[in-house]
Amino acid sequence: MKSLFTFALALVTISTFAQKEFQGKATYMSKTTMDMSRFSRNGQMSEAQKNQIAARMKSFLEKTFILTFDKTSSTYKEEEKLAAPGAGGGRGWGGLTGGGTKYKNTKNLVALESTEFFGKKFLITDTMEVPKWELGTETKQIGNYICYNATLTKDVDPLDFSNFGRRRNNNKEDEKKDSTNTANTEEVNKITITAWYTPQLPVSNGPGEYWGLPGLILEVNEGRTTILCTEIVINPEDKIEIEQPTKGEEVSREEYVEIITKKMEEMRERFRGRGRGRN
């Protein structure tokens with residue numbers, strides 16, 4: 001009976017959406033947990049030290065994003081907040097990168113991201129292919145919406161700090177075994193994403209880079225990060241313009257990763273040089 005009710009509700013919702021043009025605005029809360037042991041050289045850290053680091057990084061680990069969407073396009077942007085006195089910036093990489101805008105057009109397969117790194121603006125072009133989701137049968141309710149699960153396996157984002165250390169292994173014996181096992185090496189370079197989508201909102205879209213399901217994605221679990229929708233407004237009173245970003249030096253995702261990686265390595269070498277100079 002529950003399945004029949006869900007199916008009927010989905011049909012009514014789809015019919016409503018098909019009758020008119022619409023827009024939507026969804027608010028997402030993103031929260032990332034950290035392995036605090038990576039901040040300690042000897043692996044030992046008191047609870048007070050862990051709490052102190054967590055408090056300093058809160059604005060970096062907990063963020064709010066706004067997804068503005070219509071039937072085929074969307075923008076996803078971090079909500080602007082005033083930083084608390086003495087708090088670190090909420091931008092990525094400790095304030096080195098500016099919070100940008102991710103744009104998707106699921107009809108024309110256009111994916112762009114405008115962002116800033118060390119004061120320079122970039123317009124990143126992504127290859128947009130239909131994600132190979134595996135649909136599940138589990139259901140759960142998020143707010144007023146019945147959601148279904150789906151999973152996706154993808155490459156680990158080389159710039160995702162929360163996944164740093166995934167390839168490292170402190171056990172030398174295991175590390176030796178892994179070096180001769182290609183399957184294991186490939187495995188640690190992959191991550192499984194779990195998403196929860198609702199057919200009650202028949203929009204093939206979602207937070208960040210995620211899309212391609214028969215309904216709006218309301219929750220994403222990616223490694224140590226969970227992104228959860230906390231509010232949805234359909235057809236807000238104030239019409240929202242979904243504009244494709246155009247400013248910044250045009251680069252591919254691969255080129256942008258190379259630029260970031262090179263700059264971070266230069267910074268590491270600079271800090272190492274300072275450390276050697278003190279000795």
Determine, for [X] against [Y], whether the closest basic-nitrogen to carboxylate-oxygen distance falls under 4.0 angstrom.
X	Y	answer
Lys262	Glu265	no
Glu249	Lys121	no
Lys63	Glu79	no

I need the minimum non-hydrogen distance between [X] and [Y], along with the two atoms involved.
X	Y	value
Met29	Thr64	SD-OG1, 3.1 Å
Pro245	Leu112	O-CD1, 3.8 Å
Pro207	Leu67	N-CD2, 4.3 Å
Ser30	Ile227	OG-CG1, 4.0 Å
Pro131	Gly212	CD-CA, 4.2 Å
Pro199	Tyr148	CD-CD1, 3.7 Å

Handout entry: Ring centroid separation Phe65 to Tyr28 under 6.0 Å
Key =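 Centroid distance Phe65-Tyr28: not below 6.0 Å, so no.
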Practice task
Kindly say whether the aromatic ring centers of Phe122 and Phe117 come within a distance under 6.0 Å.
Solution key: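 Centroid separation for Phe122 and Phe117: 6.0 Å or greater.
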Handout entry: Asn205 and Ser74: CA distance, side-chain angles, deciding distance, side chain to side chain donor-acceptor pair (under 3.5 Å) verdict
Key = CA-CA 8 Å; Asn205 217 320; Ser74 68; 3.1 Å; yes
Grouping I, L, V, M, F, W and Y whenever their side-chain heavy atoms are under 4.5 Å apart, do [X] and [Y] come out in a common cluster?
X	Y	answer
Leu123	Met128	no
Val203	Trp211	no
Ile232	Ile66	no
Phe118	Val251	yes
Val233	Ile242	no

Measuring from atom [atom1] of [X] to atom [atom2] of [Y], what distance do you get when rounded to the nearest 0.5 angstrom?
X	Y	atom1	atom2	answer
Ile217	Ser204	CD1	OG	7.5 Å
Gln244	Thr101	CD	OG1	12.0 Å
Thr198	Ile146	OG1	CD1	7.5 Å
Thr75	Ile240	OG1	CD1	8.0 Å
Glu138	Asn149	CD	CG	4.5 Å
Ile142	Leu228	CD1	CG	6.0 Å

Practice task
Keeping the roles fixed (side chain from Trp133, backbone from Ala195), state whether a donor-acceptor pair exists under 3.5 Å.
Solution key: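 Not confirmed, Trp133 side chain does not pair with Ala195 backbone.
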Problem - Backbone of Gly208 reached by a side-chain donor or acceptor of Lys104 within 3.5 Å - result: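 Confirmed, Lys104 side chain pairs with Gly208 backbone.
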Should the heavy atoms of other residues, nucleotides or ligands under 6.0 Å from [atom1] of [X] be counted, would the total exceed 12?
X	atom1	value
Glu266	CD	yes
Lys31	NZ	no
Glu255	CD	yes

Exercise for the section: For side chain to side chain contact (heavy atoms under 4.5 Å, CB included), just list the numbers for Glu134 and Leu152, CA-CA rounded to whole Å, side-chain angles, deciding distance to a tenth of an Å, and then say yes or no. Expected result: CA-CA 6 Å; Glu134 183 175 338; Leu152 172 71; over 6 Å; no
Handout entry: Test side chain to side chain donor-acceptor pair (under 3.5 Å) applied to Lys154 - qualifying residues, sequence neighbours left out
Key =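 In terms of side chain to side chain donor-acceptor pair (under 3.5 Å), with neighbours along the sequence ignored, Lys154 is linked to Glu209, Tyr210, Glu222.
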Handout entry: For Asp70, all residues meeting side chain to side chain donor-acceptor pair (under 3.5 Å), sequence neighbours excluded
Key =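 Asp70 satisfies side chain to side chain donor-acceptor pair (under 3.5 Å) with Ser73 only.
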Does a side-chain heavy-atom distance below 4.5 Å link [X] with [Y]?
X	Y	answer
Ile193	Asn221	no
Leu201	Phe22	no
Tyr256	Ile124	yes
Asp155	Lys190	yes

Handout entry: Phe69 six-ring face occupied by Lys25 cation (under 6.0 Å, within 45°)
Key =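 Verdict for Phe69: no cation-pi partner in Lys25.
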Exercise for the section: Tell me yes or no: between the side chains of Thr72 and Asn105, is some donor less than 3.5 Å from an acceptor? Expected result: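 Absent: no donor and acceptor within the cut-off.
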Problem - Passing candidate, side-chain contact (heavy atoms from CB on, under 4.5 Å) with Gln23, options Glu241, Lys71, Lys239 - result: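 The passing option is Lys239.
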Practice task
Assess whether side chain to side chain contact (heavy atoms under 4.5 Å, CB included) is satisfied between Ile260 and Met264, documenting all intermediate values.
Solution key: CA-CA 6 Å; Ile260 298 291; Met264 298 307 292; 4.0 Å; yes
